[in-house]
Amino acid sequence: MSKYNHKEVEKKWKKNWEKSEIYKTKEPSFAKATAGKAKYYVLDMFPYPSGAGLHVGHPKGYIATDIVARMKMMQGFNVLHPMGWDAFGLPAENYALKNKVHPSDGTAKNVATFKKQLGLLGFTYDWDREVNTTDPKYYKWTQWIFLQMFKKGLAFESFAPINWCPDCKTGLANEDLEGGLCERCGSEIERKPMRQWVLRITDYAEKLLSGLDTLTAWPEHIKKMQSDWIGKSEGALVDFKIKDSDQTLKVFTTRPDTLFGATYMVVAPEHPLISENLDKISNKKAVQEYIEVAKSKSDLERTELQKEKTGVELKGLKAINPLTNEELSIFMADYVLFGYGTGAIMSVPGHDERDWEFAKKYKLPIVDVVLPVNEKGDVLFDANNLSDKPFTEDGVAVNSDFINNLPTPQAKEKMLSYLEEKGIGQRKIQYKLRDWVFSRQRYWGEPIPLVHCEQCQNKKYNYIILHGFSGTADKNGPNRGESNNWRPWIKSKLEDKGNKVFCPNLPNTFEPNIEEQVQYVIDNVGFEINDGTIIVGHSLGAVVIYRLLEKLNKKVGKVVLVDPVVTDNFVDHERPKVTKSCNWKFNFEKIKKLSKEFIVLGDSDFGVIFEKDIKDLVENLTAKLILSKPSAGHFTAEQEPSVWGVLDQNGWVPVPEKDLPLELPKVKNYEPSGTGESPLATISDWVNTSCPQCGGPAKRETNTMPQWAGSCWYYLRYEDPHNTKELVSKEKEKYWSPIDLYVGGAEHATRHLIYARFWHKFLFDIGMVNYDEPFTRLQNVGLILAEDGRKMSKRWNNVINPDDVVEEYGADAMRLYEMFMGPFDQPCAWSTKGVVGVRRFLERAWTLAEKVKSDIVIPVKTGIHGVGSPIKSGMTTVLHQTIKKVSEDILALHFNTAISSMMELVNEMNKVPNVSKEDFVLLLQLLSPFAPHITEELWSQVGNKGSIFESVWPQHNAELAKDTEITLAIQINGKLRDTILVSADISEEEAKQASLNSEKVQKWLEGKTPKKVIYVKNKLVSIVV
RNA sequence: GCCCAGGUGGUGUAAUGGUAGCCACGCAGGACUUAAAAUCCUGUUCCUUCGGGAGUGCGGGUUCGAGUCCCGCCCUGGGCACCA
């Protein structure tokens, strides 16, 4: 037999596989019912094709998924195992700038290099399904998804200060920072007010958080990182009156139970309270100086570690504790962040470390209102016995009037009810998650498919805004009922822009009569209702609109129905009054024709209006449906951005879907300007266009999307990569999704994995996909470090190139080594010596073939199992144990132990003179997912036809895997004293007796009688004396 | 500072509460060879008076029995960064 020549073997089989198309994904015919085979979708996080090419660290995850894919294939699954390129973004652009090639050319070249390198390793990719985020055919759908978000008010223009990287010359999302520095280049980030497109990911905070509970096959620490990142805290907003003023200072607290311990207030330097009251502040100069200093500091400086807290009192301003009516001083300090909560706090130094530190420094009063208790509920020390640290944990309330003696959770609850009852506060949930700054002032990204039209922006409309029933408004405060929700807020916003707004309080909202209310509108509107009129109706107000349109029989410009009543069936305890308000018969056929556009804005919880009614209405009116989670249920909050999002005439008009993709123009000069303008802004041919809405002159948005955009949904495209009508067919998505196994680096925990879940949940909400979580099981791949223990990098000159390893040791040895080097999810340093070790193993397997004699079987009747039992060779037991171990380990991604057990098997086979063909073939099958080329060759050498990957994965036989003899350990007082070889089916009594009979045991017992003898089946006998 | 993961031979590592160190690397000795490489065989946690003794970061505890569980420290890696 010839020597193992990996180059010949690998070349031969790669060619063979290509010819036979063995790795082409076998998609069931969806039309016919042939989809009987179970599917398995195994995915890698697709690579960024950088100019440096692959190093040996990159393929580690790909090898793992390839092994799982091959085993699943042999186990009879329809396997989807695709690969593609995440190619937009800064690194490619910077590389292009440096090397003076256009990013698109550079990317194409890098993709070719990566593909060639991956090709060497013998993966099962079906390249017909390759995706590339920079391909217009692909990013057409990235843009399409963005437009759907825009239309639902989830993408909005913002002018708020954001993170700006002066080096990369672009704005960044919170997720793009690492400890206040740019994650890409390490520059210090500036806070800069800029025009940005922002995605309202915070609308999905709750869904992203609660969804984690369903992801039982995700690593706990990744889920933890995500939930920390979302950072939910439950608490209360509390209003503190400002003394001698009608202003109130609103604070957020998670400890409403400590309200009696609030001894002063603190606001952030940016807080409007300061600018609005400058005249009243007696130490104005000191205050302004502090603000100047705070402004000049970078974010990093402001939050620097171990920094002593600073602040200035706002002298002349006092707040009133709403419970005690005590006067509280107000401070301004930069340890209070303007961007979180209300930008102001009540300071409880007795029970908060930061407040304590500040109070100590400025000698402010400290009051204890919570005391620690033991498990029985006994108070541990009294309130006068102040410790040298604030007590920040749960305990029991003291010095707190009506909540005294209550344990913290109950104290919180009682205080919350009290605050709400008295109208001085309400429950509030806060998240740390920030909205996603989604635009980049750079060239190499997806163009944002929007145009700005001044004509549309400046066009004036006449608005009618109608509410409905408000039966309980007077009884239960401002947020219940219809008389005082977002209508005044929206009215003034629209009027500010020069629109006419008719926003009446309709008559008899306590016991409404629709006909009466319609007549009221007609009589009082004060302008002509025509196709320049936009009518907004909330709840029962929608019903008024149906009748109004019927009665007027005139076409209007737009109708917006906000959580509209449709039938007399909805959730409200005073429903009977509403039921009587009309006859509930509407001619929707007619109504449908009476507005240019209908928009239904529904509460995605369907808490008041039932889903069926909403869906029916949308169908009857062919309306555009926008489901969202309003600030308060049934859109009853005082300010409601989602309603404003629908009404705002900001002049932004989406590029019509039929015109997608909006292609990135190929330009010569794509350097970032640094002014906050994208390089695209200089291409006037491209920028100047016409408005798709009014036909007038318009300008294109010139910012591009961030690198993360394309990777938010690529896994869906693999399921249906050539679809020109949809991003993925729902049928195919239903079959292939969700992803059964997703493998990638842990560094994506709070970036890609949160963004992708967000987009997926959005696609689920608009009905584009069938499942609400994209990745069923997630596994992290551990980094491969260089031989010196550092990260592989050109800078250290320690990069190992996979091409060289493949050349010298072969792809199979490289694959095997990367899986053998340690636990898959753990970082591990590369060792060339280690590659040598697995290469030796492959050579031993190769030479083992010489011993294979198909005509020689060494049958050993097991005896134990009696007549009719299976014939065993000398290898049978260990073989079946190995089949079990390897199959289980591959699924669990414990590749290192799988390989180790195969090494043991080969060592066993090496010890015997002959190996049966049956046994050898089983070994080859187990090894084949790891080392596909060599096993394919040996498979054919021992006389098999076809590919080993078309063979059926072996199953272990539990009976055959059982040892016939076992070694029992004997312990005396916990110390090992002897081992004995016994039959595996030995009884407990026999085992104990045999142990006591052992000579060594006799010697150690020295005639003493054992107190106790413990038998652990098949393991040991423990004797206690 | 807070949270999470982890500390086992010279090295990478393995061990459902049950014989610690499987499988490899390295090293030492031997076989083959004129010689070397390659390959094969043997040994390889430490101490030892060869009976044993000690040993999984350190100190305690639970248990017949702890690398594994509990408590308190130390160290390494990762995440968060004054989020009220």
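Convention: sequence-line order gives letters A, B, ...; per-chain numbering from 1.
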Should A:R184 and A:E178 count as an ion pair when the cut-off is N to O under 4.0 Å?
no
Electrostatic pair A:E353-A:K309, nearest N-O below 4.0 angstrom:
no
Ring centres of A:F331 and A:F358 under 6.0 Å apart?
yes
List RNA chain B stems (3 or more consecutive Watson-Crick/G-U pairs, under 3.5 Å)?
B:1-7 with B:74-80, B:10-12 with B:23-25, B:26-31 with B:39-44, B:45-47 with B:52-54, B:57-61 with B:69-73
Kindly say if A:S233 contacts the phosphate of B:A84, meaning a side-chain N or O under 4.0 Å from OP1 or OP2.
yes
Residues A:E357 and A:K360 bridged, charged N to O under 4.0 Å
no
Quick check on RNA chain B: between A:M225 and A:L968, whose nearest nucleotide comes earlier from the 5' end?
A:L968
So, A:K992 and A:E988, do they make that salt bridge, N to O below 4.0 Å?
yes
Are A:E843 and A:K3 ion-paired here, with the side-chain N under 4.0 Å from a carboxylate O?
no
Hey, does the side chain of A:N907 come within less than 4.0 Å of B:C23's phosphate (OP1/OP2), counting only N and O?
no
Reading RNA chain B from 5' onward, which residue's closest nucleotide shows up sooner: A:E353 or A:E178?
A:E353
Counting just side-chain N and O atoms, does A:K224 come under 4.0 Å of either OP1 or OP2 of B:C4?
no
Please give the distance between the P atoms of B:G26 and B:A38 as a whole number of Å.
9 Å
Mind calculating the distance between NZ (A:K833) and P (B:A24) to the nearest angstrom?
17 Å
side-chain N/O A:R840 vs B:G26 OP1/OP2, d < 4.0 Å:
yes
